[in-house]
Amino acid sequence: MAQDLQLTIGISDYDHVRDLRDGRVETPGVDLRFFAMPIPQLFGRFTTYREWDISEFGMGKYVALKSQGDDSITAIPVFPSRTYRH
């Protein structure tokens, strides 16, 4: 039997992803390990250390990295935060 794909994910504690984090929503074939923390810490640690496989990330920082030739991150259009911050 094949072993589940192990992935780590850094994301804030949102109510709409909590069931996934707590295991109430299953991810067949994937063993997700969550790191939940405040946004500034999350973005900073991922930018500097790339501590997990998947991360919530700021669009501005992503575009800045891309403009400097950094192709180490692949963005997908998922918006877990539903807060208008402007």
Practice task
For Glu51, check side chain to side chain donor-acceptor pair (under 3.5 Å) against everything at least two apart and list the hits.
Solution key: Arg45
Handout entry: Residues which pass side-chain contact (heavy atoms from CB on, under 4.5 Å) with Leu5, listed by chain and number, not counting sequence neighbours
Key = Leu7
Exercise for the section: Provide the closest heavy-atom pair for Ser12 versus Leu42 in the form atom of the first, atom of the second, distance. Expected result: N-CD2, 4.0 Å
Problem - With Asp70 via side-chain contact (heavy atoms from CB on, under 4.5 Å) - residues at least two apart - result: Arg50, Leu65, Ser72
Exercise for the section: Mind checking the CD1-CZ spacing from Ile54 to Phe46? Nearest 0.5 Å is all I need. Expected result: 9.5 Å
Handout entry: Inter-residue atom distance Met37.CE - Ile11.CD1, 0.5 Å rounding
Key = 11.5 Å
Fill in the blank from the handout: Residues at least two apart in sequence or cross-chain that pass salt bridge (Lys or Arg N to Asp or Glu O under 4.0 Å) with Asp22, listed by chain then number, are Arg24
Problem - Residue pair Arg21, Asp13: steps toward the side chain to side chain contact (heavy atoms under 4.5 Å, CB included) verdict - result: CA-CA 9 Å; Arg21 188 190 73 209; Asp13 184 28; 2.6 Å; yes
Handout entry: Residue list, side-chain contact (heavy atoms from CB on, under 4.5 Å) with Pro40, at least two apart or on another chain
Key = Pro38
Exercise for the section: Using a cut-off of 6.0 Å, state whether more than 12 heavy atoms not belonging to Gln6 lie near its atom CD. Expected result: yes
Fill in the blank from the handout: For Lys66, the salt bridge (Lys or Arg N to Asp or Glu O under 4.0 Å) test, sequence neighbours excluded, returns Asp71
Handout entry: Nearest non-hydrogen partners of Val25 and Leu20, listed with the distance
Key = O-CD1, 3.8 Å
Practice task
Check side chain to side chain donor-acceptor pair (under 3.5 Å) between Asp15 and all other residues, then give those that pass, not counting sequence neighbours.
Solution key: none
Practice task
For the pair Glu56 (side chain) and Ile39 (backbone), establish whether a donor and an acceptor sit closer than 3.5 Å, ignoring hydrogens and angles.
Solution key: no
Exercise for the section: Following the transitive rule for hydrophobic clusters with a side-chain heavy-atom cut-off under 4.5 Å over Ile, Leu, Val, Met, Phe, Trp and Tyr, establish whether Met59 and Phe79 coincide in one cluster. Expected result: no
Practice task
Only counting residues at least two apart or in another chain, list the ones meeting ring-ring contact (aromatic ring centres under 6.0 Å, His included) with Phe35.
Solution key: Trp52
Handout entry: side chain to side chain donor-acceptor pair (under 3.5 Å) partners of Thr8, counting only residues at least two apart
Key = Asp53
